[in-house]
2 protein chains.
Amino acid sequence: MSNVDEMSDMFKALSDPMRLKVLKLLPKHGEEKELCVCALADELGISQPNVSHHLKILKSVGLVKCAKHEGFSYYAVNMDKIKCLFDDLQNEIEK
Amino acid sequence: MSNVDEMSDMFKALSDPMRLKVLKLLPKHGEEKELCVCALADELGISQPNVSHHLKILKSVGLVKCAKHEGFSYYAVNMDKIKCLFDDLQNEIEK
DNA sequence: TTCACAAATTCACATATGTAAATATATATA
DNA sequence: TATATATATTTACATATGTGAATTTGTGAA
């Protein structure tokens with residue numbers, strides 16, 4: 001990655017409390033837990049379009065991945081991406 | 001204040017390309033390198049008030065520390081804070 | 001095909017943010 | 001003290017952002 005624009009976009013995706021709550025609820029990549037978007041909306045107390053909007057932002061920077069089956073969308077956190085982001089940040093500003 | 005609010009504030013501070021460039025230029029806590037605000041402005045090609053503004057945001061969340069002597073302000077990156085942020089993020093969303 | 005439901009998109013609007021310009025404050029030196 | 005310089009604050013404004021409401025798209029079942 002190693003460019004400040006990409007990194008700032010990822011930090012911007014993480015800079016909203018509701019999106020952090022979304023990440024907290026979502027299963028991590030590989031886990032068998034599954035939550036559809038409407039269940040997320042219910043759990044978070046916000047509208048379904050709002051959840052979709054936040055998920056779109058998280059997905060646009062690769063922080064979550066989406067799989068669809070039986071009419072539902074199941075999102076999962078991409079933990080590797082988060083680890084990479086922090087490694088890149090340290091490399092970028094420490095060297 | 002809940003944990004996600006504090007964390008999102010720190011991510012927001014990191015979500016601007018110019019602020020990442022500031023962190024890249026600043027010495028890390030403990031280094032002997034020193035850069036005054038006007039030198040930063042010169043290096044970044046932006047105005048001095050703009051640099052002060054970005055530094056204020058970084059300082060408000062503890063990502064940089066400031067020391068003054070001989071009329072100059074010298075800022076330094078607080079790397080520990082960054083490490084803590086990532087540990088907290090992982091603890092928050094992985095458990 | 002039709003219907004029902006899940007998810008995404010669009011629109012509207014209030015709030016937040018980054019930046020330039022002007023001004024104010026602080027500090028060192030003469 | 002007065003003056004020059006470094007830094008911080010204020011103001012203004014255009015753009016970006018988060019959210020609700022309404023709508024649209026997509027998908028599976030009947």
Side-chain angles (χ1 to χ4, degrees), chain A residues 4-27 33-77, chain B residues 1-2 4-27 33-77:
Chain A
V4 291
D5 290 315
E6 290 179 34
M7 287 180 35
S8 59
D9 283 343
M10 297 195 62
F11 285 124
K12 188 167 291 181
L14 292 168
S15 73
D16 183 79
M18 190 55 75
R19 284 197 286 277
L20 292 183
K21 291 180 186 171
V22 169
L23 293 178
K24 193 170 175 174
L25 283 177
L26 286 180
K33 181 176 70 166
E34 288 198 325
L35 268 172
C36 63
V37 176
C38 53
L40 279 173
D42 200 50
E43 192 80 27
L44 294 165
I46 61 177
S47 67
Q48 169 269 313
N50 197 355
V51 177
S52 279
H53 174 241
H54 285 306
L55 287 170
K56 185 179 183 179
I57 291 172
L58 290 169
K59 189 172 169 231
S60 72
V61 296
L63 283 170
V64 304
K65 290 192 180 298
C66 181
K68 302 181 184 184
H69 54 88
E70 287 150 3
F72 292 80
S73 291
Y74 297 103
Y75 287 84
V77 182
Chain B
M1 179 186 289
S2 81
V4 290
D5 288 320
E6 290 178 35
M7 286 179 20
S8 59
D9 282 343
M10 294 194 65
F11 284 125
K12 189 166 291 182
L14 291 168
S15 72
D16 183 79
M18 190 55 75
R19 284 197 288 275
L20 291 183
K21 290 180 187 172
V22 169
L23 292 179
K24 192 170 176 176
L25 283 178
L26 286 179
K33 180 177 68 168
E34 288 197 325
L35 269 171
C36 63
V37 175
C38 54
L40 278 173
D42 199 51
E43 191 83 25
L44 294 164
I46 61 178
S47 67
Q48 169 270 314
N50 197 355
V51 176
S52 278
H53 174 242
H54 287 304
L55 287 169
K56 185 179 183 180
I57 290 172
L58 291 170
K59 187 171 170 228
S60 71
V61 296
L63 283 170
V64 304
K65 291 193 180 300
C66 180
K68 301 182 185 185
H69 53 91
E70 286 152 3
F72 292 81
S73 292
Y74 297 102
Y75 287 83
V77 182

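Below, read A as the first sequence line, B as the second, and so on, with proteins coming before strands; counting in each chain starts at 1. The model shown is predicted, which means the values in this text are computed figures rather than measured ones.
Per the geometry, NZ belonging to A/Lys68 stands 15 Å off P belonging to C/dA6, to the nearest Å. What separates CD of A/Glu34 from C1' of C/dA7 is a distance of 16 Å, to the nearest Å. Between the P atom of C/dG18 and the CG atom of B/Leu44 lies a distance of 15 Å, rounded to the nearest Å. With rounding to whole Å, B/Leu55 atom CG is found 10 Å from D/dT7 atom C1'. In this structure, NE2 of B/His54 is placed 7 Å from P of C/dG18, rounded to the nearest angstrom. At whole-Å resolution of the value, CG in A/Asp9 and C1' in D/dT17 are 13 Å apart. The interatomic distance linking B/Glu70 (CD) with C/dT29 (P) rounds to 7 Å, in whole Å. One atom, NZ of B/Lys59, and another, P of D/dA8, lie 8 Å apart when rounded to the nearest Å.
Side chain of B/Lys56, nearest nucleotide from D/dT9, C/dA7, C/dT9: D/dT9. Minimum atom distance to the side chain of A/Pro49 is reached by D/dA21, of the listed D/dA21, D/dG18, D/dG20. The listed nucleotides are C/dT19, D/dG20, D/dA8; the one nearest the side chain of A/Asn50 is D/dG20. Checked against C/dG18, C/dA6, C/dA8, the side chain of A/Cys38 finds its nearest nucleotide in C/dA6.
If you check every strand for non-hydrogen atoms under 4.0 Å, B/Lys12 touches sugar and phosphate atoms only. As judged by a 4.0 angstrom heavy-atom cut-off over every strand, B/Ile57 is placed among residues touching the sugar-phosphate backbone only. Contacts of A/Ser52 with the nucleic acid, taken as non-hydrogen atoms under 4.0 Å apart, include base atoms.
The CE atom of A/Met10 lies 13.5 Å from the CG atom of A/Asp5; values are rounded to the nearest 0.5 Å.
Shown here, C/dA30 forms a base pair with D/dT1; the pair counts as Watson-Crick or G-U wobble because both key distances fall under 3.5 Å.
With hydrogens and angles left out, the side-chain atoms of B/His69 and B/Glu34 include a donor and acceptor closer than 3.5 Å.
Two residues, B/Met18 and A/Gln48, neighbour DNA chain C, and the one matched to the more 5' nucleotide by heavy-atom proximity is A/Gln48. Place A/Gly71 and A/Asp16 on DNA chain D by their nearest nucleotides, and A/Asp16 ends up nearer the 5' end.
B/Lys33 places a side-chain N or O within 3.5 Å of a backbone atom of B/Leu25 that can act as its donor or acceptor partner. No side-chain donor-acceptor contact under 3.5 Å links A/Lys12 to the backbone of A/Met7. With hydrogens and angles disregarded, no donor-acceptor distance shorter than 3.5 Å links the side chain of A/Ser52 to the backbone of A/Pro49.
Listed pair A/Ser47 / D/dG20 meets the phosphate criterion, a side-chain N or O lying under 4.0 Å from OP1 or OP2. Applying the 4.0 Å criterion to OP1 and OP2 of D/dG28, one finds that A/His69 has every side-chain N and O outside that range. Between A/His53 and D/dT17, a side-chain N or O to OP1/OP2 separation shorter than 4.0 Å is absent. Contact annotation: A/Tyr75 side-chain N/O to C/dA8 OP1/OP2 distance is under 4.0 Å.
Between A/Arg19 and the options A/Leu55, A/Leu14, A/Leu58, a side-chain contact (heavy atoms from CB on, under 4.5 Å) holds for only A/Leu58.
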